[in-house]
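Naming convention: chains lettered A, B, ... in sequence-line order (proteins, then strands); numbering from 1 in each chain.
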Amino acid sequence: MNEIAAKLLAWWDADHADLPWRRTRDPYAIWVAEVMLQQTQISTVIPYFERWMARFPTVEALAGASLSEVLKMWEGLGYYSRARHLHAAAQQVVAERNGRLPTTVSELMQLKGIGRYTAGAIASIAFDQPAPVLDGNVIRVLTRLYDIDADITRSAIRRQLWQLAESLVPAHRPGAYNQALMELGQVLCQPARPLCALCPLAELCQARQAGTQLERPVRPPRRRTPHYDVVAGIIWQNGRPAADAPFLITQRPLDALLGGLWEFPGGKQEPGENLPDALKREIQEELGITIKIGRFLTSIKHAYTHFRITLHAFHATHIAGQPQHIGVADHAWVTLNDLHQYPFAITDRKIIAALNQELT
DNA sequence: AAGGCGGGGGG
DNA sequence: CCCCCAGCCTT
């Protein structure tokens, strides 16, 4: 075994975090955890993982659930295509493979939502295969260990990093090794505060020798994100806001941002347009109905990865027309008490909170 | 090869 | 305010 792997495994064996998905060898549980962990921090994932495994303890249970139930369990975790893909892949595994996950990287990658990272993680952790993983943590550790000064967003560099990762995976205990490598990146080889004094690989680390730890990995500079004003309506069927009165919610198209989630209908304000006019226009365009704008409820600021929004919510009254599914996947007339069964994005959950406060 | 896709945590 | 994160899919 190479020196890096040996030192990492010794470090891992001395102590490592006790996480829910490390207490099992169930491939399904490891699959769920790895998908949740895509672009998402461990502390965020833990409560979602616990709730998910209680509600969908087996791949059959997941396959048998509705998409709405699945999205509801994912509500607030972000990147909702992960939930849609996991659901579809579970149905495929049950229908075509008798509920058993494939064990090789190439077969795992055939499933929706499983790319090279997740396939490597499942294959090594659940099935003891010597497959590499390369995530943000591993990239940081490797670029520091070898003091790599090339732009890690370039595909040629990515290929080299995968090759490097592959060359280091030991045949014995590859799953423990991969988890150790990622945990080292998380707890010691941190982006802005590497704890080299505690690192078992410090003597082997070329960046540490050169003093370039904080300059690794190298990425291109980011661009500023645009800001949009967005408007949403609580459209009351009878015009009278009340805790037991019906209002309209709509479901976003499955292929859109926040696909499949429910929301208060509305949309982006156009240049030169005031907020009430923007709301009337969006509702007419998406649903084919006419509304009258009522009083302002609340404004919510939210930052997505590539843009920021301020969401302005208004009360409104349904005037004419039956909702048509032009720019929406579905619609429903509901009361406040019905909302718990529908998955909403974080911004609309804040509108719901304001609504609850105002009406109850 | 590039862009889209959430949300939370930390400095 | 900024940055970062256990990536994947589509085009």
Name the residue closer to the 5' end of DNA chain C, choosing between Leu19(A) and Ile114(A) according to the nucleotide with the nearest heavy atom.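 The residue mapped nearer the 5' terminus is Leu19(A).
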
Heavy-atom nearest nucleotide on DNA chain C for His85(A) versus Arg219(A): which residue maps closer to 5'? Arg219(A)

Please determine whether a side-chain nitrogen or oxygen atom of [X] lies at a distance below 4.0 Å from atom OP1 or OP2 of [N].
| X | N | answer |
| --- | --- | --- |
| His302(A) | dG7(B) | yes |
| Tyr80(A) | dG7(B) | yes |
| Arg140(A) | dC5(C) | yes |
| Arg82(A) | dG6(B) | no |
| Gln38(A) | dG7(C) | no |

Rounding to an integer number of Å, can you tell me how far [X] [atom1] sits from [N] [atom2]?
| X | N | atom1 | atom2 | result |
| --- | --- | --- | --- | --- |
| Leu214(A) | dC2(C) | CG | P | 21 Å |
| Leu37(A) | dG7(B) | CG | P | 17 Å |
| Leu184(A) | dA6(C) | CG | P | 12 Å |
| Glu75(A) | dG8(B) | CD | C1' | 15 Å |
| His306(A) | dC9(C) | NE2 | C1' | 13 Å |
| Gln190(A) | dC5(C) | CD | P | 11 Å |
| Gln39(A) | dC5(C) | CD | C1' | 6 Å |
| Glu263(A) | dG6(B) | CD | P | 12 Å |

Test: Arg252(A) cationic atom under 6.0 Å from Trp262(A) six-membered ring centre, within 45° of axis: no

Yes or no on salt bridge (charged side-chain N to carboxylate O under 4.0 Å, His left out) for Arg22(A) and Glu183(A), after CA distance, side-chain angles and deciding distance? CA-CA 12 Å; Arg22(A) 288 182 180 164; Glu183(A) 182 148 315; 2.6 Å; yes

Describe, in one word, how the ring planes of His16(A) and Trp12(A) are oriented to each other, choosing from parallel (under 30°), tilted (30 to 60°) and perpendicular (over 60°).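 If you compare the ring of His16(A) with that of Trp12(A), the planes turn out parallel.
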
So [X], base contact, sugar-phosphate only, or nothing? Heavy-atom distance under 4.0 Å.
| X | result |
| --- | --- |
| Thr153(A) | nothing |
| Ala33(A) | nothing |
| Arg116(A) | sugar-phosphate |
| Gly76(A) | sugar-phosphate |
| Ser81(A) | nothing |
| Leu258(A) | sugar-phosphate |
| Arg252(A) | nothing |
| Tyr304(A) | sugar-phosphate |
| Trp21(A) | base |

Quote, to the nearest angstrom, the C1' distance that separates dG6(B) from dC3(C).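 It works out to 16 Å between them.
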
Atom P, compared across dA6(C) and dG4(B): separation rounded to whole Å: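 Pairwise P distance, dA6(C) against dG4(B), rounds to 23 Å.
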
Please determine whether any donor N or O and acceptor N or O are separated by less than 3.5 Å between the side chain of [X] and the base of [N].
| X | N | result |
| --- | --- | --- |
| Thr40(A) | dG8(B) | no |
| Tyr117(A) | dG7(C) | no |
| Thr44(A) | dG7(B) | no |

5′-ward residue of the pair Ala303(A)/Ala192(A) relative to DNA chain B: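 Here Ala303(A) is the residue nearer the 5' end.
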
For Arg159(A) and for Phe307(A), find the nucleotide of DNA chain B with the closest heavy atom, then tell me which residue's nucleotide is more 5'.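 Of the two residues, Arg159(A) wins.
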
Are Trp21(A) and Phe49(A) close enough that their ring centers fall under 6.0 Å? yes

For the residue pair His312(A) and Phe314(A), is the inter-centroid distance of their aromatic rings smaller than 6.0 Å?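 Between His312(A) and Phe314(A), the centre distance exceeds or equals 6.0 Å.
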
In the structure shown, which nucleotide is the Watson-Crick or G-U wobble counterpart of dG4(B), with both distances under 3.5 Å?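 Its partner is dC8(C) (Watson-Crick or G-U wobble, both distances under 3.5 Å).
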
Select one nucleotide: of dC5(B), dA6(C), dG7(C), the one nearest the side-chain heavy atoms of Leu257(A). dC5(B)

Lys/Arg N to Asp/Glu carboxylate O, Lys7(A) vs Glu203(A), below 4.0 Å: no

Checking side-chain polar atoms at under 3.5 Å, does Asp147(A) have a donor or acceptor matched by the opposite partner on Thr212(A)? yes

